[in-house]
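A short worksheet on the structure shown next.
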Amino acid sequence: MAKRRATPVIEFRGMRKSYGSATVLHGIDLALAEHEVVCLIGASGSGKSTLLRCADLLEPIDAGSILLDGIPVSAEDRDADVKRRALGIVFQGFNLFPHMSVVENVALAPRVALGLSHDEADGRARTLLAQLGLAKKADAYPDSLSGGQQQRVAIARALATEPRVLLLDEITSALDPVLVAEVLETLRALAKSGMTMLIATHEMSFAADVADRVAYLEGGKLVEIGSAKQVLRKPKDARTKEFLRRVRSR
Amino acid sequence: MAAPRRSRKGTLVAAISTIVACIAVAAVVGSSAAWPEVQHAFFNGERFANALPSVWGAFAINVQLFVFAELLILPIGLLIALARSVQAPALAPLRLFAMVYVDFFRGVPSILVIYLLGFGVPALQIPGLPKDPFFWALVTLVLIYSAYVSEVYRAGLESIHPSQERAARALGLSRIQSLRHVVIPQAFRRVIPPLLNDFIGLQKDTALVSILGVVDAFRRAQILKAADFNFTPLMTTAVIFLVITFPMTRFVDWLAARDRAAQLGEQR
Ligand SMILES: Nc1ncnc2c1ncn2[C@@H]1O[C@H](COP(=O)(O)OP(=O)(O)O)[C@@H](O)[C@H]1O
Ligand SMILES: [Mg+2]
């Protein structure tokens, strides 16, 4: 039992990623324990999105490995589609399917990827939407929703396959400031419910509030990683200090 | 659709100027010395009425041809478009084949293909191959228009932002499932106007079947014309084609205008 608990839900070992001759991730080592929330901070272009896309097996990596519950997985595996169901990702730009109602968006993966019946998938989707306060919007189409509501639908959609870990890529940065709070509130509730999450964010106060650990990424390297309090309040690395100073002076 | 936006006065002016223009054209044409002869040879009311039943009956061939062809072209065109977008390196030959196919049939005159297939293939006397000219006309139209339609589909598929497919893949759907549930349904809406445009062309091209000796509307009109060298039956055929294609051309323009309006609405 003790050993099982120690196995990280997701782990990156020496993960490298290049586009052509440009190396974007230089050997990332990071492990998330079950129920852990890690916030990924770093300037634009530091590689946060790339890290999350690789973690979601949407792009192959060039070296190193990704382990899911201790088992090596790769975007190039024949069953990568199956593995991807254990990984949920939410993008900055929502990317809801505009030709489907909200409930159809959420029920699609359970029905098509997991093979649930139409009614089962629909029921699961409505339950999730109700939990996220979107029950009334279930039969609406995405374009009639506010940005905050759309982003919460995207979260519900990512949760619909009951993933082991949720990956979130700056999901509030495309939202009007007044809509950010409702999305962050949803994430707080998810963290409380024990969801394991890796969250790229530029909301430092949110990171301080919700993260167990914070990782600072610069130039494709994890410069510093530690408890949220330590990294955000008493960063050890000069580069982390400089980044936080710049962010806070804005 | 455009009328409500125009003022009532504008509509009145447009109507009057259109009527005046028509009267002017009719007056000029009607007063020319050659008009009685032209009218007799092309616009002979009695001959028009006489030709109508038999040309209309022969038009059934054209209708059968384009209905069968369209039903076959819709799925075949999609398969070719998908073959052109396969990414797996092992399937590169399929992609190449689809590309060559499309380039070939878009570049060769329809009349040449129908001649080669309709006369050339039956001449080979290969047992088991049909000799029915209708069959070869159908094959020709399906081959040529599947190439055009596959390009329409391809443009439609490429117009759907890659982030849509990525979102579907991220949920654990396979590439095929993503295409089937996310990309194709969105692309289909966008391809309807250009698809109908190609089908209008196809409907007109069904008259090509006549060179193989099949008596379609065009051939029937030629036969009637040959009896007394009056061209009116050909005008009858033209009118019948227009009756079919005109509503479609208007519908396509209406769809295109509607989509433009919707896009403007989105940008606002
Ligand atoms: N598909 C791609 N092709 C080439 N370069 C890319 C691609 N995606 C990201 N990059 C590059 O990788 C670097 C990191 O980008 P990204 O992961 O988007 O950073 P972040 O999300 O932290 O802003 C940038 O320099 C970017 O230009
Ligand atoms: Mg990013």
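Letters go in sequence order (proteins before strands), and every chain restarts at 1. None of these values were measured; they are calculated from a predicted model.
- In this structure, the portion of A/F91 lying under 4.5 Å from any heavy atom of chain B is its side chain and not its backbone.
- Only the side chain of A/R53 comes within contact range of chain B, judged by heavy atoms closer than 4.5 Å.
- Considering all non-hydrogen atoms of both residues, A/A113 and B/L173 come closest at CB-CD1, 4.0 Å.
- Residue A/F94 holds its CZ atom at 12.0 Å from OG of B/S163, rounded to the nearest 0.5 Å.
- Minimum heavy-atom separation, A/I89 to B/A170: CG2-CB, 3.4 Å.
- Among the candidates A/T161, A/D143, A/L108, the residue making the largest number of heavy-atom pairs closer than 4.5 Å to chain B is A/L108.
- Every side chain to side chain contact (heavy atoms under 4.5 Å, CB included) that A/A121 has, sequence neighbours left out, goes to A/A107, A/P110, A/R111, A/L116.
- Among B/R166, B/Q177, B/H161, the residue with the largest count of heavy-atom pairs under 4.5 Å with chain A is B/R166.
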Next on the checklist: Does A/D81 form a side chain to side chain contact (heavy atoms under 4.5 Å, CB included) with B/R169? I'd like the steps, not just the answer.
Outcome noted: CA-CA 7 Å; A/D81 296 329; B/R169 300 299 304 273; 3.0 Å; yes

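- In this structure, B/R175 places its CZ atom where more than 12 heavy-atom neighbours from other residues, nucleotides or ligands lie under 6.0 Å away.
- By the 6.0 Å contact criterion, CZ on B/R180 is open, its count of non-hydrogen atoms from other residues, nucleotides or ligands being 12 or less.
- In B/L112, the CG atom is crowded: over 12 heavy atoms of neighbouring residues, nucleotides or ligands sit closer than 6.0 Å.
- Only the backbone of A/L96 comes within contact range of chain B, judged by heavy atoms closer than 4.5 Å.
- Contacts with chain B (heavy atom to heavy atom, under 4.5 Å) involve these residues of residues 54-61 of chain A, listed by number: A/D56, A/L58, A/E59.
- No more than 12 heavy atoms of other residues, nucleotides or ligands sit less than 6.0 Å from atom CD1 of B/I111.
- The backbone N or O of B/H181 sits less than 3.5 Å from a side-chain atom of A/H99, completing a donor-acceptor pair.
- Taking every heavy atom of both residues into account, A/R84 and B/G172 meet most closely at CB-CA, 4.1 Å.
- Counting heavy atoms from C-beta on, the side chains of A/P98 and B/Q164 come closer than 4.5 Å.
- Around NZ of A/K83, the count of heavy atoms belonging to other residues, nucleotides or ligands within 6.0 Å exceeds 12.
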